[in-house]
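When reading the values below, keep in mind they use all heavy atoms of this one structure, side chains included, and skip hydrogens, waters and symmetry mates. Sequential numbering from 1 along the given sequence is applied to the chain's residues.
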Amino acid sequence: MLHVGIAGIGFMGMIHYLAYQRVPGVRVTALCEPNAKRLAGDWRDIKGNFGPPGKVMDLTSLRKYHRLEEMLADEKLDVVDLCLPPAMHADAAVAASKAGKHVFCEKPIALTVADAQRMVKSAAAAKKLLCIGHVLPFFPEYAFALEAVRKGKYGKLLGGHFKRVISDPLWLPDYYKPEKIGGPLLDLHIHDAHFIRLLFGMPTAVFSRGRMRGEVVEFLETQFICSDSSQVVTATSGVILQQGRAFTHAYEIHLEKATLLFDFAVIDGQPHVATPVSVLDDKGQVQQPKLGSGDPVDAFAAELKEVAKSVKSGKPSAILGGDLAADAITLCQKQAQSVASGKLVKV
């Protein structure tokens with residue numbers, strides 16, 4: 001049995017706690033949260049853009065800590081799950097590794113490449129695993145695409161377009177502060193940057209055009225230059241000023257023998273699947289595979305099963321590894337440089 005302590009009980013901390021209930025061989029046995037009300041189990045004020053609403057939880061069987069240092073001293077914990085604000089990730093992860101804990105940290109790994117690399121090196125020096133919560137590849141629509149590409153089911157990968165756009169998150173006052181959250185690139189586009197890195201390897205350069213808000217990119221279009229010049233890879237991501245479409249994500253992935261399509265949005269508060277996962281094959285047929293339960297918490301449970309597998313085997317995850325997460329930060333920073341300069345930027 002793996003014993004986990006969650007640090008930070010906000011929306012993601014709650015989702016992780018619920019997802020752990022669906023993972024055999026793993027148990028949450030400790031929580032760390034400075035908010036006394038939430039630490040006592042009153043999660044009714046926690047809100048997010050998916051999943052169940054917060055409610056009063058029975059936490060009587062869990063060990064509770066107000067400070068991270070106290071939880072890191074708990075010798076009964078195997079893994080520390082960091083659901084803290086992004087600006088706190090690096091120092092917390094380094095402290096956890098030094099305390100002899102395996103670390104699972106929510107995305108983004110950090111706000112800078114230097115901090116991401118510091119986290120990776122600290123875990124390696126402590127001979128502990130570092131996993132980063134890039135959950136997108138575990139959502140059934142994206143898991144299907146990743147498996148199809150990796151198995152070569154439809155031939156050579158030729159390219160793709162990826163989209164991820166939200167309405168302005170007005171409830172997050174620090175969203176556009178580079179030292180706090182990092183804006184849409186590090187909070188939103190980081191998902192597709194990581195997924196592109198998984199599918200195509202590390203691009204050699206990027207060319208981006210976009211709009212700035214203060215010091216961060218608000219919205220952009222990017223062309224990723226790959227070492228294989230036949231691969232055409234682009235992405236659209238960022239924030240629009242209208243509130244009618246809270247969220248959308250989509251992809252069109254081109255392979256020799258098929259094109260994979262998916263397009264989903266939340267419009268006027270309601271989910272709309274414009275295009276369910278569809279396979280357009282080279283015989284003129286269209287297939288729409290049945291995928292998953294539709295419960296988003298299941299994707300997080302699948303992600304946590306990957307974390308448990310990595311910890312139990314002692315081998316880094318091929319999806320959640322710290323190096324891959326650091327590469328995603330690099331891609332986002334290079335895209336920001338390209339927007340600012342108006343030039344192609346080498347990676």
Side-chain angles (χ1 to χ4, degrees), residues 2-64 79-86 104-107 131-143 164 166-167 169-172 175 181 187-188 191 243-249 262 264-273 276-277 290-308 320:
L2 287 179
H3 296 269
V4 177
I6 300 176
I9 305 301
F11 176 62
M12 288 312 306
M14 180 184 77
I15 293 296
H16 282 200
Y17 180 80
L18 296 174
Y20 277 116
Q21 316 308 313
R22 307 180 188 186
V23 183
V26 180
R27 181 177 302 161
V28 177
T29 56
L31 297 177
C32 177
E33 168 57 49
N35 184 313
K37 180 180 175 182
R38 291 186 180 180
L39 194 60
D42 188 346
W43 294 0
R44 288 174 293 181
D45 63 339
I46 296 177
K47 294 179 176 61
N49 54 5
F50 67 86
K55 63 180 183 179
V56 175
M57 308 292 289
D58 181 3
L59 307 177
T60 54
S61 64
L62 277 62
R63 301 184 296 281
K64 303 178 186 67
V79 180
V80 170
D81 182 329
L82 300 175
C83 293
L84 303 169
F104 175 53
C105 178
E106 251 308 311
K107 65 84 195 166
C131 294
I132 306 301
H134 280 285
V135 71
L136 189 68
F138 297 93
F139 276 85
E141 300 85 0
Y142 288 83
R164 190 166 306 274
I166 61 172
S167 58
L170 302 174
W171 63 93
L172 294 174
Y175 193 71
I181 295 177
D187 177 66
L188 183 71
H191 285 294
Q243 294 295 309
R245 186 183 66 185
F247 172 77
T248 183
H249 68 169
F262 171 65
F264 169 85
V266 177
I267 299 176
D268 197 21
Q270 298 300 315
H272 292 270
V273 180
V277 172
K290 293 183 179 179
L291 303 172
S293 65
D295 182 349
V297 178
D298 281 347
F300 288 87
E303 177 189 44
L304 295 175
K305 288 177 183 178
E306 174 71 9
V307 174
L320 303 177

**Q** Is it true that the side chains of Glu141 and His249 contain a donor and an acceptor less than 3.5 Å apart?
**A** no

**Q** For Phe264, is there any backbone N or O sitting under 3.5 Å from a side-chain donor or acceptor partner on Thr248?
**A** yes

**Q** Side chains of Met12 and Val135: does their closest heavy-atom pair fall under 4.5 Å?
**A** no

**Q** Sort out for me which residue in Val277, Leu291, Asp298 forms a side-chain contact (heavy atoms from CB on, under 4.5 Å) with Pro140.
**A** Leu291

**Q** So how far is it from Met57 CE to Tyr17 OH, rounded to the nearest 0.5 Å?
**A** 5.0 Å

**Q** Which pair of heavy atoms, one from Gln243 and one from Ser167, lies closest together, and at what distance?
**A** OE1-OG, 3.5 Å

**Q** Compare every heavy atom of Ala308 with every heavy atom of Val26, then report the nearest pair and how far apart it is.
**A** CG2-CB, 3.7 Å

**Q** Please determine whether side-chain contact (heavy atoms from CB on, under 4.5 Å) holds for the pair Ile9 and Asn35, giving the CA-CA distance in whole Å, both sets of side-chain angles, and the decisive distance to 0.1 Å.
**A** CA-CA 8 Å; Ile9 305 301; Asn35 184 313; over 6 Å; no

**Q** Output the distance between atom CG (Leu188) and atom CD1 (Ile181), rounded to the nearest 0.5 Å.
**A** 12.0 Å

**Q** Taking the inter-plane angle between the rings of Phe300 and His16 on a 0 to 90° scale, is it parallel (under 30°), tilted (30 to 60°) or perpendicular (over 60°)?
**A** tilted

**Q** List in chain and number order the residues that pass salt bridge (Lys or Arg N to Asp or Glu O under 4.0 Å) with Arg63, two or more places apart in sequence or in another chain; answer none if no residue qualifies.
**A** Asp74

**Q** With rounding to the nearest 0.5 Å, note down the distance linking CD1 in Ile46 to NZ in Lys55.
**A** 12.0 Å

**Q** For a quick test of reading the model, state the closest non-hydrogen atom pair linking Ala301 to Ala19 and the distance between them.
**A** N-CB, 3.7 Å

**Q** Applying the side-chain contact (heavy atoms from CB on, under 4.5 Å) test to Val4, which of Val23, Val79, Leu304 qualifies?
**A** Val79

**Q** State the CD-SG distance between Glu306 and Cys131, to the nearest 0.5 angstrom.
**A** 7.5 Å

**Q** Taking all non-hydrogen atoms of both residues, which atom of Val297 and which atom of Pro52 are closest, and how far apart?
**A** CG2-CD, 4.1 Å

**Q** Let's go through Leu2 and Tyr20 carefully: what are the C-alpha distance in whole Å and the side-chain angles of both, what is the deciding distance for side-chain contact (heavy atoms from CB on, under 4.5 Å) to 0.1 Å, and is it a yes or a no?
**A** CA-CA 11 Å; Leu2 287 179; Tyr20 277 116; over 6 Å; no

**Q** Got a second to check how far Arg38's CZ is from Leu59's CG, nearest 0.5 Å?
**A** 12.5 Å

**Q** Has Arg245 got more than 12 heavy atoms of other residues, nucleotides or ligands less than 6.0 Å from its CZ?
**A** yes

**Q** Would Lys107 and Asp187 pass as an ion pair if we require N to O under 4.0 Å?
**A** yes

**Q** State the CD1-CG distance between Ile6 and Leu82, to the nearest 0.5 angstrom.
**A** 10.5 Å

**Q** Do Cys83 and Ile15 come close enough that some side-chain heavy atom pair is under 4.5 Å?
**A** no

**Q** Could you please spell out the steps behind the side-chain contact (heavy atoms from CB on, under 4.5 Å) verdict for Asp42 and Val56?
**A** CA-CA 4 Å; Asp42 188 346; Val56 175; 4.1 Å; yes

**Q** Do the non-hydrogen side-chain atoms of Pro137 and Glu303 ever get within less than 4.5 Å of each other?
**A** no

**Q** Tell me the closest heavy-atom pair linking Lys305 and Pro24, and the distance in Å.
**A** CE-CD, 4.1 Å

